[in-house]
Amino acid sequence: MALLRILSGSIELTAALVMLKLNDVTKALSVNAMLALVGPLILISTTTIGLVGMSDKLSPVKLVWIVAGVACLLIGILKK
């Protein structure tokens with residue numbers, strides 16, 4: 001999970017540097033739009049890894065609540 005977060009942070013920093021180098025609002029907006037795909041993918045990946053790691057310690061009811069919470073997060077992030 002930590003490696004995915006480091007990768008995500010590196011991608012964010014690289015994108016910021018690219019935006020600075022491009023020095024154009026339109027191009028920076030394009031780079032930012034690409035980042036909008038990375039964030040949810042990292043969220044889903046790290047959450048999945050965490051849930052798989054904890055699945056033997058959680059009761060089925062708690063697991064359903066966690067999945068419902070993650071679903072609500074994704075709906076909130078991805079809904080336009």
Side-chain angles (χ1 to χ4, degrees):
M1 286 174 61
L3 288 175
L4 280 174
R5 286 294 173 191
I6 290 171
L7 175 66
S8 176
S10 299
I11 291 170
E12 295 275 344
L13 287 173
T14 302
L17 293 172
V18 168
M19 287 180 196
L20 287 172
K21 180 146 175 71
L22 292 174
N23 199 25
D24 181 24
V25 174
T26 306
K27 292 177 183 175
L29 187 60
S30 299
V31 172
N32 194 53
M34 287 185 263
L35 283 177
L37 296 173
V38 174
L41 291 175
I42 297 295
L43 172 69
I44 292 168
S45 301
T46 55
T47 304
T48 301
I49 291 169
L51 287 175
V52 167
M54 291 181 58
S55 63
D56 60 332
K57 299 174 186 173
L58 295 174
S59 69
V61 174
K62 286 184 180 181
L63 197 56
V64 168
W65 279 110
I66 292 171
V67 170
V70 171
C72 288
L73 279 171
L74 291 175
I75 289 169
I77 291 170
L78 300 175
K79 190 166 181 155
K80 293 180 182 181

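Please read these numbers as outputs of a predicted model, since none were measured by experiment.
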Under 3.5 Å, which donor-acceptor pairs link side chains of residues 10-18 to any protein atom two or more places apart or in another chain?
unit_1 : atom_1 : unit_2 : atom_2 : d
Ser10  : OG     : Ile6   : O      : 2.9
Thr14  : OG1    : Ser10  : O      : 2.8

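Of the residues listed (Ile44, Ile42, Thr48), the one engaging Thr46 in a side-chain contact (heavy atoms from CB on, under 4.5 Å) is Ile42, and it is the only one.
Val38 and Met19 fall within the same hydrophobic cluster, where Ile, Leu, Val, Met, Phe, Trp and Tyr residues are linked whenever their side-chain heavy atoms come under 4.5 Å apart, directly or through other members. The hydrophobic cluster containing Met1 also contains Leu4, counting ILVMFWY residues as joined when their side-chain heavy atoms lie under 4.5 angstrom apart, directly or transitively. Linking Ile, Leu, Val, Met, Phe, Trp and Tyr residues whenever their side-chain heavy atoms come within less than 4.5 Å places Ile66 and Met54 in a single cluster. Using a 4.5 Å cut-off between side-chain heavy atoms of Ile, Leu, Val, Met, Phe, Trp and Tyr, with links allowed through other members, Leu35 and Leu73 fall into different hydrophobic clusters.
For CG of Leu20, the number of neighbouring non-hydrogen atoms (other residues, nucleotides, ligands) closer than 6.0 Å is greater than 12.
Of the inter-residue distances, the one linking Asp24 atom CG with Ser30 atom OG reads 8.5 Å to the nearest 0.5 angstrom.
Residues Leu37 and Pro40 come closest through the heavy atom pair O-CD, 3.7 Å.
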